[in-house]
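Structure, as structure tokens:
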2 protein chains.
Amino acid sequence: MNDDGQTPPNVTLEEIARAAGVSPSTVSRILNGSARVLPAKQKAVEQAIAHFNYRPNVLARSLASGKTDTIGVLTQTVSSPFYAEWLRGIEDGLYEPGFTPLFVSSRWNVKDEMSRMEQFIARRVDGIILLHAQIDEASLIEYSRHAPLLVLGRSVQNSSVLASLPIDNLQGARDATRHLIDEGHRKIAFIAGPRDHEDAIERLDGYRMALEEAGVGFDPELVEQGDYLETGGLAAMERLFVRGVSFSAVFCANDQTAYGARLTLFRRGLRVPEDISLVGFDDLPTSSYMTPPLTTVRQPTYEIGRLAAQGIVKMIRKQSIELSPIPLKLVTRETTQRIGPSPTPSTTPAPKRSKARRQQ
Amino acid sequence: MNDDGQTPPNVTLEEIARAAGVSPSTVSRILNGSARVLPAKQKAVEQAIAHFNYRPNVLARSLASGKTDTIGVLTQTVSSPFYAEWLRGIEDGLYEPGFTPLFVSSRWNVKDEMSRMEQFIARRVDGIILLHAQIDEASLIEYSRHAPLLVLGRSVQNSSVLASLPIDNLQGARDATRHLIDEGHRKIAFIAGPRDHEDAIERLDGYRMALEEAGVGFDPELVEQGDYLETGGLAAMERLFVRGVSFSAVFCANDQTAYGARLTLFRRGLRVPEDISLVGFDDLPTSSYMTPPLTTVRQPTYEIGRLAAQGIVKMIRKQSIELSPIPLKLVTRETTQRIGPSPTPSTTPAPKRSKARRQQ
DNA sequence: TTGTACGCGTTATCAC
DNA sequence: GTGATAACGCGTACAA
């Protein structure tokens, strides 16, 4: 255990105290600013700290103080471009109040989600943010006895230690579909997300609702199953053609699905939007760089992430918070186009051009 | 401090011991399997654990044992699609050996990088993986005295506690450029990455080297400055046109840059690859879904991440590791096309079609 | 095989 | 203001 040159020379608070000729408590006080100390001692300690390059042991500190300044963040996968923005927002929002996020992925698996939650509790995180968690509500309540929980993209029975920030997928999908209808489309296909995803179901519902509200009627034939991934969109689009159904527009449950669908259209030599209009959902950073730029429903993920970070911190500090559902907004770009007998007798409506949106 | 129904009912090892009628050390032994215990006691303890829903306090455990089973992962930004794959690989690779990654972003800022390193050390992580870190080598060596370091995308003086896994950007860029030359291109523009990024410089060098090797010669006029982001690619491409230089192909320092450049081409009504060939670098998951699918240099990021995870674990266990530089491979898709007087007297070469590549 | 006692590095509660 | 002293929850020699 002696210094062989390789052993980490981790200095302790006690050694600093000895070097500075004060007691450990004084050093601790200076470190935390928890009380006034004579300037002379203050200086001596600071010099010792600098000299030995002392770094307080976070674990010991947490063990003694009972708080870790750590927030567990349960995401489905760190690698999805969609979650990435959320994580960035959370990280940024947590930075200023001095908390560190602990990101883990559960791979869309409820069992994994629960084991990750156990890990969080074992690590004594001060709070937890869950993204699209599928854990049942009873378990959430149980977990919330250990640390405040903030659930994103879902609605649960709120309490002082369990909050939720729902996202209005239904409204977003309805707006998008209505936009296509307004542009004259009647045969609008839909490529759905995973059957067991709450938000995927809501988006399907929004699509259906808009159709019915407009008197167009919902046609199951026009719906194909996707999986929120590019491959799924690609295959679903292909099946739509193989089945021979006719349509002038396609609404995809998310942007990645739209990317896949767009490739199938390209393969088949169909133009977007001249032949087929295309709409996505999420507004991923790259969607404004699709060819042509994708019309989609924007989810302000980064901002939501920041909101969530601020929210969980407030909960930890036992302050009350109120979270109103996040509204989504349609971003009209260039993959949609008016179709059919135009109400106004224009000859060839020029394709609209919205300015390219900046990506951070 | 009494149970008011809200206080986290965190059971301790000692309470388990009392409930099971054994000593704390016995419980500890059972938890860690560090010694044989009478089946009867074993069972009693396990029942108590289940009954009280006991979860060992990770902090206390780490403080006592001196290891945290945690790996600090310093990334530049969690939100980049490029890093996302690395992180996923790292997380997966760390899972089996029982380590937890601690992801933090330094936002391409050396000062942030160093403060994050301090945090890692303060948290007593068992090892650290750095992605594209710009910290000077002397500091790295200093940090490596506290925990083994593995540096990705860079080459440093290796030791038993400091390893690096270089990525051969130069070779990748050279291959890509050579491919364009082979296809008959002579005027090949290049949109560079940030001036202070080592890999960006290497890619520029590879481009230049290929040109010189082929006797085409390097022309500074054909080089524009980008920033590895879509906006940068968009603007750089635009400047290329404004400056009036002529070219038949564009090689972008990374895929995101290519996305931006592609949009400018679209805006100007130029077809890819019929009018201009386009090549990227990285092979992001969405690049195979670009319209048309992007020819690019593939970096096996996920696999590199797994390799890194395994590597750092070995270093922690004081096993020797050997990391050979990662070769990159050109993936020929549909944004490049033969040009000019074709050596073989074909009339109109049909655009090549590679099968769409799966994403994860 | 099992229990006791101490240490891990801090914070917090006391007196002084 | 400052310094002992006792937690914090667990691992682990050491002894039994």
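Naming convention: chains lettered A, B, ... in sequence-line order (proteins, then strands); numbering from 1 in each chain.
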key: Spacing of CD belonging to B/Glu142 relative to CD1 belonging to B/Ile121, to within rounding of 0.5 Å   = 7.5 Å

key: For A/Arg55, all residues meeting salt bridge (charged side-chain N to carboxylate O under 4.0 Å, His left out), sequence neighbours excluded   = B/Glu118

query = How about A/Glu137: does its CD atom have over 12 heavy atoms from other parts shown lying under 6.0 Å from it?
reply = yes

query = Taking only residues two or more places apart in sequence or in another chain, which ones pass side-chain contact (heavy atoms from CB on, under 4.5 Å) with B/Gln134?
reply = B/Trp108, B/Val110, B/Glu113, B/His197

ask   = Looking for any heavy atom pair under 4.0 Å, which part of the strands does B/Ser25 touch: base, sugar-phosphate only, or nothing?
value = base

task = Name all residues meeting the ring-ring contact (aromatic ring centres under 6.0 Å, His included) criterion together with B/Phe103; count only those two or more places apart in sequence or in a different chain, and write none if there are none.
result = none

query = When the C1' atoms of the five terminal pairs at each end define the local axes, what inter-axis angle does the helix from C/dT1-D/dA16 to C/dC16-D/dG1 show, to 10 degrees?
reply = 40°

request  = Sort out for me which residue in B/Leu31, B/Ile49, B/Thr26 forms a side chain to side chain contact (heavy atoms under 4.5 Å, CB included) with B/Ile16.
outcome  = B/Ile49

key: Which residues share a salt bridge (charged side-chain N to carboxylate O under 4.0 Å, His left out) with A/Asp126, sequence neighbours left out   = none

ask   = Any side-chain donor-acceptor pair under 3.5 Å between B/Ser139 and B/Asp136?
value = yes

request  = Taking all heavy atoms of A/Ala20 and all of A/Ala48, pick out the closest pair and write down the distance.
outcome  = CB-CB, 4.3 Å

task = Kindly give the heavy-atom pair with the smallest separation between B/Arg123 and B/Thr68, and that separation in Å.
result = O-CG2, 3.8 Å

remark   = Here the side-chain hydrogen bond (donor to acceptor under 3.5 Å, both in side chains) pairs for residues 303-318 of chain B, sequence neighbours left out, are B/Tyr302-B/Arg306

task = Could you check whether B/Ser28 gets within reach of a base, just the sugar-phosphate, or nothing at all, counting any heavy atom under 4.0 Å?
result = base

request  = Anything under 30° is parallel, anything over 60° is perpendicular, the rest tilted; go ahead and classify A/Tyr83 against A/Trp86.
outcome  = perpendicular

query = Quick one, which residues of residues 32-40 of chain B touch DNA chain C with a heavy atom under 4.0 Å?
reply = B/Arg36, B/Val37, B/Leu38

request  = Tell me which of B/Ser65 and B/Val22 sits closer to the 5' end of DNA chain C, going by the nucleotide each one is nearest to.
outcome  = B/Val22

note = Outermost contacting nts on DNA chain D, any atom under 4.0 Å from chain A heavy atoms, listed 5' then 3', are D/dG1 to D/dG9

note = A/Asp112 meets the salt bridge (charged side-chain N to carboxylate O under 4.0 Å, His left out) criterion, sequence neighbours left out, with A/Arg107

key: Neighbours of DNA chain D within residues 55-63 of chain B, by heavy-atom distance under 4.0 Å   = B/Pro56, B/Asn57, B/Ala60, B/Arg61

query = In terms of side-chain geometry, is the basic nitrogen of B/Arg88 or B/Glu91 positioned less than 4.0 Å from the acidic oxygen of its partner?
reply = no

task = Tell me, please, the opening and closing nucleotides of DNA chain C, 5' to 3', among those with an atom under 4.0 angstrom from a non-hydrogen atom of chain A.
result = C/dG9 to C/dA12

ask   = With sugar-phosphate meaning primed atoms plus P, OP1 and OP2, does A/Thr12 contact a base, only sugar-phosphate, or nothing at under 4.0 Å between heavy atoms?
value = sugar-phosphate

key: Set of side-chain hydrogen bond (donor to acceptor under 3.5 Å, both in side chains) partners for A/Arg61, sequence neighbours left out   = A/Asn32

